[in-house]
Every structure is written in structure tokens, then in C-alpha cells.
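Below is one structure; the comments refer to it alone.
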Amino acid sequence: MLDIRHIRDTPDTVKSRLALRGDGLASVVDDVLAADTERRANETRWQHLQAERKRLSKEIGALRAQKQDSSALEEESKKIGAEMESLQQASVVAETRQRDLLLSLPNLPHEEIPPGADASANPVLRTWGTPPEIKDPQDHMTIGARLGLFDPERAAKISGSGFMCYTGSGARLERVLIQFLLDLHTRDHGYTEMSPPFLVNRATMTGTGQLPKFEEDLFGISHSDLFLIPTAEVPVTNFHRDEILPEASLPLRYAAYTPCFRREAGSTGRETKGLIRMHQFDKVELVKITAPGNSAAELESLTADAERVLQLLGLPYRVIELCAGDLGFGACRTYDIEVWAPGQNGWLEVSSCSNFGDFQARRMALRYKGTDGKNHLCHTLNGSGTALARLYVALLENGQQPDGSVHLPEILHPYFGAARLGPA
RNA sequence: GGAUGGGUGGCAGAGUGGUCGAAUGCGCACGCUUGGAAAGCGUGUGUGCCGCAAGGCACCGAGGGUUCGAAUCCCUCCCCAUCCGCCA
């Protein structure tokens with residue numbers, strides 16, 4: 001959520017920054033300002049009347065205590081009450097409208113990020129590693145089927161398309177990757193491990209920005225007003241919703257493994273092959289809560305922590321920066337990490353690391369008490385560390401051998417208990 | 001799911017219709033006192049909104065109602081505790 005004061009004070013600046021994301025947002029800003037003006041006018045008038053009524057009520061109380069007639073004052077107070085009633089109704093309408101509009105506005109892109117309308121304008125910041133030379137590389141689905149690592153047909157039978165069931169050593173590899181990632185981030189990178197609920201309420205989804213605008217992307221639970229989380233970002237960031245943290249406790253760094261559930265409405269036919277886009281996938285997520293002055297540096301180290309996953313696994317990757325037009329709803333700056341996938345002959349996004357500034361913090365009233373004694377909004381960040389299904393794709397496709405087996409990166413050997421995946 | 005008891009400031013805990021934004025205690029901050037400390041004494045100590053400011057207004061789990069006036073009475077909902085049922 002954007003700061004209404006900022007919009008009020010410099011509406012043209014806000015409009016021009018929002019225009020970087022696309023057209024049509026300037027009129028929303030005007031609507032917000034109109035609702036804000038109306039709301040404040042009603043509120044101010046209401047407050048004056050309330051002060052007057054409080055005074056009258058005290059007089060009435062005093063008169064009654066002395067057994068004197070107070071009916072004239074009571075009449076007057078009643079009249080004031082009637083006007084207050086209509087003012088309040090108008091004020092609530094304006095306030096609701098203002099809030100709804102504010103909740104629908106995306107974050108302002110950071111000043112330093114590249115302009116551009118879509119993904120084609122995203123610059124590549126750096127590339128790591130060299131894609132392996134593989135003759136006639138196979139797709140991960142082919143490899144998985146041959147080695148018996150998962151069973152897409154039966155997964156579709158029990159749940160539908162877009163779900164996967166890992167089997168045997170394939171299931172073991174999935175579990176092992178979770179363990180490896182959590183160990184890395186908690187032991188080496190200083191994150192605190194969290195294991196949050198996978199179902200959350202509406203307020204939580206609103207806090208991180210999934211609601212009210214993107215309900216169609218979520219799986220909801222009938223008769224309960226709960227939603228399946230699309231990422232651990234949601235429960236973990238909201239862990240501190242409505243709190244005022246001591247400044248000395250910042251930054252907070254959390255790592256959490258959860259499954260992620262996404263409707264992926266409207267994405268059928270796009271990257272739907274195999275494990276790449278699923279309704280349910282596993283992910284280890286990194287979340288940070290910082291003071292405003294540190295969030296830029298924390299985004300760099302967060303991205304480095306995610307990159308380290310691929311470095312340790314020896315998987316070639318590149319880091320791109322999202323241009324203003326490609327930025328997610330709540331983010332002000334985002335780096336995507338893409339791993340090389342020989343079977344796709346292309347790059348696969350395995351991590352998206354974003355700084356949200358105070359956008360989420362304002363929605364969820366997440367603040368810290370500064371050394372100046374005042375309360376300030378925190379900054380929030382998160383990034384995948386990393387998505388498991390696509391990492392799995394990369395491991396199979398980069399590790400495939402001419403003999404049909406898959407060599408695993410050395411660092412996984414003690415976790416997995418073997419150096420390779422062979423025929424079942 | 002059923003029954004009962006509860007949700008008040010950082011914590012504990014008063015308050016059942018008017019001067020209560022809220023006693024008291026603890027904690028915390030500052031000051032006095034002291035060679036230093038403890039004790040003691042004094043002062044202060046929530047959040048948000050409106051306003052250039054002075055200041056005003058709101059908030060006692062949430063929302064609605066009754067009333068001239070609600071922390072206090074009524075209704076609905078949420079949450080917590082305990083017991084029962086059920087269950088991993």
C-alpha cells in the first residue's frame with residue numbers, strides 16, 4: 001500500500017512512477033485523492049460535533065445529579081447525534097473507497113531500476129558457470145520416467161493435471177533437497193528456520209498483497225475463509241503483522257520450507273510441461289524484515305544467498321533484473337535467478353528476490369520503534385532459496401549421463417546416500 | 001462439535017451507565033538522594049487520525065444496537081482457557 005500522505009503531497013510524482021508499470025493508474029490516484037478529501041472533510045466536521053456532544057452530556061449529567069431539568073440540552077444533543085449519524089455514514093463510504101483503491105495500487109518502482117514494458121527489457125546482470133556439453137539432452141520427464149522418479153499419470157488420477165507424485169528415490173531426492181537448503185541457509189547464512197501453517201486467513205493474504213486483487217490465483221477452502229498459501233512469504237512475513245519491533249532486533253531473517261499452491265489460472269499451455277508449472281510445488285523461502293536504510297543491501301545479500309545454492313550444486317545460472325514494466329505487484333525491485341536447463345535448451349526461473357520497501361509493512365502495520373523513540377514502518381524482502389521442482393528439473397537435466405543415469409552434485413552425496421540416480 | 005469461564009495500557013490487575021484514556025502494582029526512562037549502589041522520593045512512560053499550530057477526536061477482542069451519554073447494558077462474530085466428545 002502506498003502512503004496516502006505521499007500521494008497527497010506529490011500526486012504527479014506518484015503518477016509518473018506508476019506510469020512506468022503501465023497505463024490507467026493515474027485515474028486511480030485521482031480517485032484516491034477525491035475520496036481522501038471527502039473523508040477528511042466529513043471526519044473533521046464529525047469531530048467538532050462529537051466534542052460539542054461530549055460537553056453537553058457532561059452538563060446533562062451535572063444537572064441530573066442536582067435533580068434539575070435537562071430536557072433542553074438532551075434535545076440539542078439528540079439533534080447533533082442525527083447529523084453525526086449521516087456524516088459518519090458518508091465518511092465510512094469514502095474511507096472504504098479510499099482503502100479499496102489504495103489496496104489495488106501496485107508499489108512504486110525503485111528509482112534505479114531499468115525502464116521497459118515487459119520481460120524482453122530485463123537486463124542480464126551476471127552469468128555463473130558453463131552449461132555442460134550434452135549430446136541430445138533429454139527432458140527431465142523422460143529421465144524421470146526412465147528412472148522411476150515420479151508418476152505424472154497417477155498424480156493426475158488422484159488430483160488432476162498440474163500435480164505430481166514423486167516415487168521411491170525420486171521422493172527421497174525431493175526430501176533431501178529440502179534438508180540441504182534449510183541446512184545451508186540456517187547454518188551458513190544465519191536465517192532462523194520457520195515451519196508455518198499452510199492455510200492462512202484473509203487478513204494475512206491482504207498483508208502481503210495477494211488479496212484483494214489476486215484472489216483468482218489462490219486456492220480457497222470452502223466454508224472457511226482460509227486460503228492455501230502460494231508461497232511461505234505469506235505466513236512468514238505476516239508472523240509479525242500488527243507488531244512494533246525493537247530496532248535492535250532488526251534485521252530478522254527467516255528461512256521456511258513449505259509447499260506452495262497456485263491456481264495458475266490462465267496459464268494453461270504456457271510452460272506447462274512436466275514439473276515446470278504446477279498447482280503444488282515445494283519451496284524453501286527466505287524472508288527478511290529490516291530497517292528502511294538497510295533493505296537495499298539486504299536485497300543484495302539475499303540474492304547472494306540464493307545464488308549460493310546453485311553454486312554449491314554446480315548448476316549454471318544467470319541473474320537478471322526485472323524492468324519496471326515486469327515488476328510484481330508489491331515489489332519495488334526484483335532480481336530473478338535463472339538456472340540452465342539443457343532439456344529445455346533455456347533458462348528456468350528458480351528464484352525471485354524482491355525488496356518490497358514499506359509496501360507490505362504498511363498493509364500489515366509492521367513497525368519498529370527507532371532509537372529516536374518513534375515508530376517507523378519496516379521494510380520487507382523475500383526470495384526463493386530456491387523453488388524445488390525447477391531445481392529438480394535442473395539437477396536431472398544437467399546431471400544426465402550417456403549411460404542413462406544422473407550424477408548428483410557432490411554436496412548432496414551425504415544427504416542422499418549415493419552419488420547417482422540409476423535405473424530402479 | 002457441546003458446556004463453562006474469559007478477552008482492559010509492556011505485564012499483572014481494578015473498574016457494571018456520566019468528571020474513565022481508564023485506579024493500583026510491577027517493569028521501563030529521567031531526576032533527586034549517595035563515596036558508589038540498593039532502598040526511598042519525584043516526574044514521566046500506549047496507538048492512530050484530523051489540524052500550519054494551539055489543540056481536538058478515536059481506540060478497553062471485532063462489528064452492530066439501546067441511550068442525551070457505553071469499557072460498563074443487549075445482539076452477532078472472532079479468539080483464548082478448562083472440561084466433555086472426537087481424533088493424529
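Proteins come first, then strands; the chains are lettered A, B, ... in the order of their sequence lines, and each starts at number 1.
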Can you tell me the Watson-Crick or wobble partner of [N], both distances under 3.5 angstrom?
N     : answer
B:U67 : none
B:C87 : none
B:G21 : none
B:U34 : none
B:C57 : B:G48
B:G7  : B:C78
B:A14 : none

Contact class for [X] vs. all strands (heavy atom < 4.0 Å): base, sugar-phosphate, or nothing?
X        : answer
A:Arg39  : sugar-phosphate
A:Arg45  : nothing
A:Lys369 : sugar-phosphate
A:Leu73  : nothing

To the nearest Å, how far apart are [X] [atom1] and [N] [atom2]?
X        : N     : atom1 : atom2 : value
A:Gln98  : B:G48 : CD    : C1'   : 14 Å
A:Met84  : B:G65 : CE    : P     : 13 Å
A:Leu49  : B:G69 : CG    : P     : 13 Å
A:Glu74  : B:C68 : CD    : C1'   : 5 Å
A:His376 : B:G48 : NE2   : C1'   : 15 Å
A:Trp46  : B:C59 : CH2   : P     : 7 Å
A:Leu377 : B:G48 : CG    : C1'   : 12 Å
A:Arg362 : B:C49 : CZ    : P     : 10 Å

Pair [X] + [Y]: basic N to acidic O under 4.0 Å:
X        : Y        : result
A:Arg97  : A:Glu38  : no
A:Arg40  : A:Glu43  : no
A:Asp183 : A:Arg187 : yes

Under 4.0 Å between a side-chain N/O of [X] and OP1 or OP2 of [N], yes or no?
X        : N     : value
A:Arg55  : B:C68 : no
A:Arg202 : B:C78 : no
A:Arg40  : B:G51 : yes
A:Arg53  : B:C68 : no

Notebook entry, point to check: Are the aromatic ring centres of A:Phe416 and A:Phe180 under 6.0 angstrom apart?
Noted result: no
Per [X] side chain, nearest of listed nucleotides [options]:
X       : options             : value
A:Lys58 : B:C57, B:U19, B:G48 : B:U19
A:Lys78 : B:C68, B:C49, B:G51 : B:C68
A:Glu43 : B:C49, B:G48, B:G69 : B:C49
A:Lys54 : B:A58, B:C68, B:U47 : B:A58
A:Ser57 : B:U47, B:G69, B:C49 : B:G69

Please report the distance separating the [atom1] of [N] from the corresponding atom of [M], rounded so that it comes out in whole Å.
N     : M     : atom1 : value
B:A71 : B:A54 : P     : 27 Å
B:A37 : B:C20 : C1'   : 40 Å
B:G65 : B:A29 : P     : 45 Å
B:G6  : B:A14 : P     : 11 Å
B:G9  : B:G48 : P     : 16 Å
B:C78 : B:G27 : P     : 40 Å

Check: Distance-only, no hydrogens or angles: does the A:Asn382 side chain make a donor-acceptor pair with backbone N or O of A:Glu233 under 3.5 Å?
Finding: no
Check: Between A:Phe227 and A:Arg202, is there a cation-pi geometry (under 6.0 Å to ring centre, at most 45° from the normal)?
Finding: no
Item checked: Upstream residue (5' side of RNA chain B) when A:Gln47 and A:Gln88 are each assigned their closest nucleotide -> A:Gln47
Check: When you match A:Gln50 and A:Asn375 each to their closest nucleotide on RNA chain B, which lands nearer the 5' end?
Finding: A:Asn375
Notebook entry, point to check: For the residue pair A:His279 and A:Phe219, does the interplanar ring angle fall in the parallel (under 30°), tilted (30 to 60°) or perpendicular (over 60°) class?
Noted result: perpendicular
Notebook entry, point to check: Among A:His240, A:His189, A:His185, which one satisfies ring pair (Phe, Tyr, Trp, His ring centres under 6.0 Å) with A:Tyr254?
Noted result: A:His240
Margin query: Once hydrogens and angles are ignored, does a donor-acceptor distance under 3.5 Å link the base of B:G18 to the side chain of A:Arg64?
Written below: yes
